[in-house]
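Note sheet for the following structure.
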Amino acid sequence: MTDLLNAPEDSAFRAEIRAFVEAELDPATRAKVSRGSPLAREDFLRWHRSMHRKGWVAPGWPAEHGGPGWTARQRLIADEEMFRLHTPPLPGFGLKMIGPILIRFGSPEQQQRFLPRILSCEDWWCQGFSEPGAGSDLASLRSRAVRTDGGWLVSGSKTWTTYAQYANWIFCLVRTDPEVKKQQGISMMLIDMAAPGVSRRPIRLMDGTEEVNEIFLDNVFVPDDLVVGEINKGWTYAKALLEHERLGIGGVGRSKHLLARVREMAEAAGLGDDPEISARLAAFEIDIMAIEATTLRLLAAAEAGRTLGAETSLLKVRGTEVQQGLTELMLDIAGPAALPGSAGDCADALFANVAYQFLNWRKLSIYGGSNEIQRSILAGQVLGL
Ligand SMILES: Cc1cc2nc3c(=O)[nH]c(=O)nc-3n(C[C@H](O)[C@H](O)[C@H](O)COP(=O)(O)OP(=O)(O)OC[C@H]3O[C@@H](n4cnc5c(N)ncnc54)[C@H](O)[C@@H]3O)c2cc1C
């Protein structure tokens, strides 16, 4: 596949990433990632610790807080190489979400207390935004915080909380003022998952896993020093948090890795020359190149000082459509071999987990703002409709 991130100056950086991964990633974890198998907490943590020792764990953080000082282009290249070499993803809720928010809006005490533990993954964070009845319309959230001596008492419930079973901290949006316009009465609070009144119930998904959870908050005491920034400014922080997700939202690294796997599957199934499969693969390749070119164009704009706006929604929509489309193609190629326990002779590990991955990745067009919502943003803010 043509690579737009292959200028001469990119090669040394690529080689450095490759050498590190080859030396550090254990073969068993690599095999799990390459087959798209579910990962255990320890699989994530082992890789996180290696990356932390190397100082590469937080590419999006400023160097003074522990970031590696990479350019946006280097971050994309690292991302691409890591996917290609089957490294586990780094748990993102601390590194990509609450960490950058604490860097920008947290108190010095919060920064000193939490940032080093996010970098080392001594703390695993989860995100308590969505509620039953408040997903796309997040500002309707109803978890309530009531003032008490020295802090707040929080009651309510959160849902779809990814990997809460691994987490010891949760950052939550809660309503601190029910009297004002709904966006203006929300605050962001940091809650210890072991605090009295916090409980969790796993949600079984259609892929058979329990990756997400319901979280119940029953009069949980949150001291004042665990409120992020100012009371009733939580909506501003929540919007800033989503901005940190924008780089790499098109998932180019992930799509390239998946495309290579689907090609390999087509060969293994004797469909390498099938005209329909070849045409579908070629169409995905073209889409991925277009997403990569758009990503680079937006990156260049960001590096020139322009704030990335609503056009990144385009990357989310097209990127997730390609990724989901590739898992559909995987399923078509695998046929009955996709059924659990029926890997078949030609297929072995290459075909394992195809059904799981197809089902699991339905989530891509839902979380982080559903694709329908992204389309409305594009229509209103980019096309002016
Ligand atoms: C696997 C998974 C993991 C998640 N992890 C987390 C997490 O860790 N923390 C967290 O806080 N949340 C998490 N979420 C929640 C996620 O952010 C929400 O599911 C998402 O915002 C959609 O909200 P909803 O589920 O309430 O659906 P709804 O908002 O009820 O939407 C239902 C459908 O209606 C469409 N729709 C809604 N409003 C509009 C509109 N105005 N115009 C057009 N179409 C519309 C939606 O696109 C969707 O198709 C996760 C979700 C999933 C599936």
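One-based numbering, in listed order, for ligands and for the atoms of each. Please read all numbers here as calculations on a predicted model, not as lab measurements. The figures here come from the full heavy-atom set of this structure, side chains too, leaving out hydrogens, waters and symmetry mates.
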For this session: Kindly state whether the ring of Y163 and the ring of F93 have centres lying under 6.0 angstrom apart.
Result: no

Seminar exercise, completed: Pocket residues around ligand 1 (non-hydrogen, under 4.0 Å) come out as F93, Q127, F129, S130, G135, S136, W160, T161, T162, V212, K363, I366, Y367, S370, E372, I373

Exercise. Would T176 and R147 count as having a side-chain donor-acceptor pair, cut-off 3.5 Å?
Worked result: no

Problem set entry | Face-on cation placement of R117 at W169 ring, 6.0 Å and 45° thresholds | no

Under 3.5 Å donor-acceptor pairs involving side-chain atoms of residues 198-208, not counting sequence neighbours:
{"residue": "R200", "atom": "NH1", "partner": "N213", "partner atom": "OD1", "Å": "2.6"}
{"residue": "R201", "atom": "NE", "partner": "E214", "partner atom": "OE1", "Å": "3.1"}
{"residue": "R201", "atom": "NH2", "partner": "E214", "partner atom": "OE1", "Å": "3.2"}
{"residue": "R204", "atom": "NE", "partner": "G208", "partner atom": "O", "Å": "3.4"}
{"residue": "R204", "atom": "NE", "partner": "E210", "partner atom": "OE2", "Å": "3.4"}
{"residue": "R204", "atom": "NH2", "partner": "E210", "partner atom": "OE2", "Å": "3.3"}
{"residue": "D207", "atom": "OD1", "partner": "T209", "partner atom": "N", "Å": "2.8"}
{"residue": "D207", "atom": "OD1", "partner": "T209", "partner atom": "OG1", "Å": "2.6"}
{"residue": "D207", "atom": "OD2", "partner": "T209", "partner atom": "OG1", "Å": "3.4"}
{"residue": "D207", "atom": "OD2", "partner": "N360", "partner atom": "ND2", "Å": "2.6"}

Table please: side-chain donor-acceptor pairs of residues 58-70 below 3.5 Å, with sequence neighbours left out.
{"residue": "W61", "atom": "NE1", "partner": "L95", "partner atom": "O", "Å": "2.7"}

Seminar exercise, completed: side chain to side chain contact (heavy atoms under 4.5 Å, CB included) filter on V146, not counting sequence neighbours, yields R144

